Asks: 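Take this structure, written in structure tokens, and hold onto it; I'll ask about it next.
None of the values given here were measured: they were computed from a predicted structure. In what follows, chains carry the letters A, B, and so on, assigned in the order in which the sequence lines appear, proteins first and then strands, with residues in each chain numbered from 1.
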Amino acid sequence: DAKTTQPTSMDCAEGRAANLPCNHSTISGNEYVYWYRQIHSQGPQYIIHGLKNNETNEMASLIITEDRKSSTLILPHATLRDTAVYYCIVRDDKIIFGKGTRLHILP
Amino acid sequence: EAQVTQNPRYLITVTGKKLTVTCSQNMNHEYMSWYRQDPGLGLRQIYYSMNVEVTDKGDVPEGYKVSRKEKRNFPLILESPSPNQTSLYFCASRQDRGHSNQPQHFGDGTRLSIL
């Protein structure tokens, strides 16, 4: 079973911030949280990752709760090109992708 | 350009005819992995390799073989393909030695149809 839980789908208006939650209540102390996205049937694209501090890069921000049991991926100004399935995973040699969150950006 | 290359990108074949999907990476990554993706099931790991001559089963290894004789290549072998192996396959690699938190790089995918 996947070690993370995400909503099946979400909508976000174009230009607004998209906040995608992920629960990883069984995460261990040295496991990172990674976010990827997949557009149509292309290969998954890496977005961001973090251990316990919040992270930001040119694509997104990652907010990790203090107990590390959940995190939120923030796309600050969503565009139609951000329509994709977003996967949250925890670092493991035997990596398991769940079903992800299908994000719809509404014009 | 850093990349993971899969071949072929598309293949239609028949039950029982052995096939190999190649995967090559030019980033000197230690870790490589194969996934399959089916509608409604997300990405599922088939096999992974921590380094040369080291391979291990993922979640759905049945019906597949892999080898890691050299660092850059990680072929996926279907000895006797069956229709339930019709799927979209992805290869990925990741730097591991001394960099335990690096993300994976994925290939563009191989769409297999087994008739």
Asks: With a 4.5 Å cut-off on heavy-atom pairs, point out which of B/Leu41, B/Leu43, B/Val4 contacts chain A the most.
Replies: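 The answer is B/Leu43.
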Asks: If you check every heavy atom in residues 105-115 of chain B against those of chain A, which residues fall under 4.5 Å?
Replies: B/Phe106, B/Gly107, B/Asp108, B/Arg111
Asks: Heavy-atom distances under 4.5 Å only: say whether A/Gln45 touches chain B with side chain, backbone, both or neither.
Replies: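 Neither part; nothing is under 4.5 Å.
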Asks: Supply the atom-to-atom distance A/Tyr46 OH to B/Arg94 CZ, rounded to the nearest 0.5 angstrom.
Replies: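 Going from OH on A/Tyr46 over to CZ on B/Arg94, the span is 12.5 Å.
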Asks: Are A/Ile63 and A/Leu75 joined in one hydrophobic group, where the rule is that I, L, V, M, F, W and Y side chains link up if heavy atoms are under 4.5 Å apart?
Replies: no
Asks: Can you tell which of A/Pro44, A/Ser41, A/Gly43 has the highest number of heavy-atom pairs within less than 4.5 Å of chain B?
Replies: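 Counting heavy-atom pairs under 4.5 Å, the top option is A/Pro44.
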Asks: Are A/Tyr34 and A/Tyr87 joined in one hydrophobic group, where the rule is that I, L, V, M, F, W and Y side chains link up if heavy atoms are under 4.5 Å apart?
Replies: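 A/Tyr34 clusters together with A/Tyr87.
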Asks: Side chain, backbone, both or neither: which part of B/Gln37 has an atom under 4.5 Å from a heavy atom of chain A?
Replies: side chain
Asks: Is A/Arg68 atom CZ crowded by more than 12 heavy atoms from other residues, nucleotides or ligands, each under 6.0 Å away?
Replies: yes
Asks: Do A/Tyr36 side-chain atoms and B/Gln104 backbone N/O form a donor-acceptor pair below 3.5 Å?
Replies: yes
Asks: So which atom in A/Gln42 and which in B/Phe90 form the shortest heavy-atom distance, rounded to 0.1 Å?
Replies: O-CZ, 3.5 Å
Asks: A quick test of your reading: do over 12 heavy atoms of other residues, nucleotides or ligands sit less than 6.0 Å from CZ of A/Arg16?
Replies: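 Check fails, neighbour count at 12 or below.
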Asks: Should A/Leu103 and A/Leu62 be regarded as members of a common hydrophobic cluster, given that ILVMFWY residues are connected when their side-chain heavy atoms come within less than 4.5 Å of each other, either directly or indirectly?
Replies: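 Yes: a chain of side-chain contacts under 4.5 Å links A/Leu103 to A/Leu62.
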Asks: Can you hop from B/Trp34 to B/Leu88 via hydrophobic side chains spaced under 4.5 Å?
Replies: no
Asks: Mind checking whether B/Tyr89 and A/Val85 sit in one hydrophobic cluster, side chains of I, L, V, M, F, W, Y counted as touching below 4.5 Å?
Replies: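 No.
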Asks: Around atom CD1 of B/Ile12, are there more than 12 heavy atoms of other residues, nucleotides or ligands at under 6.0 Å?
Replies: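 Check fails, neighbour count at 12 or below.
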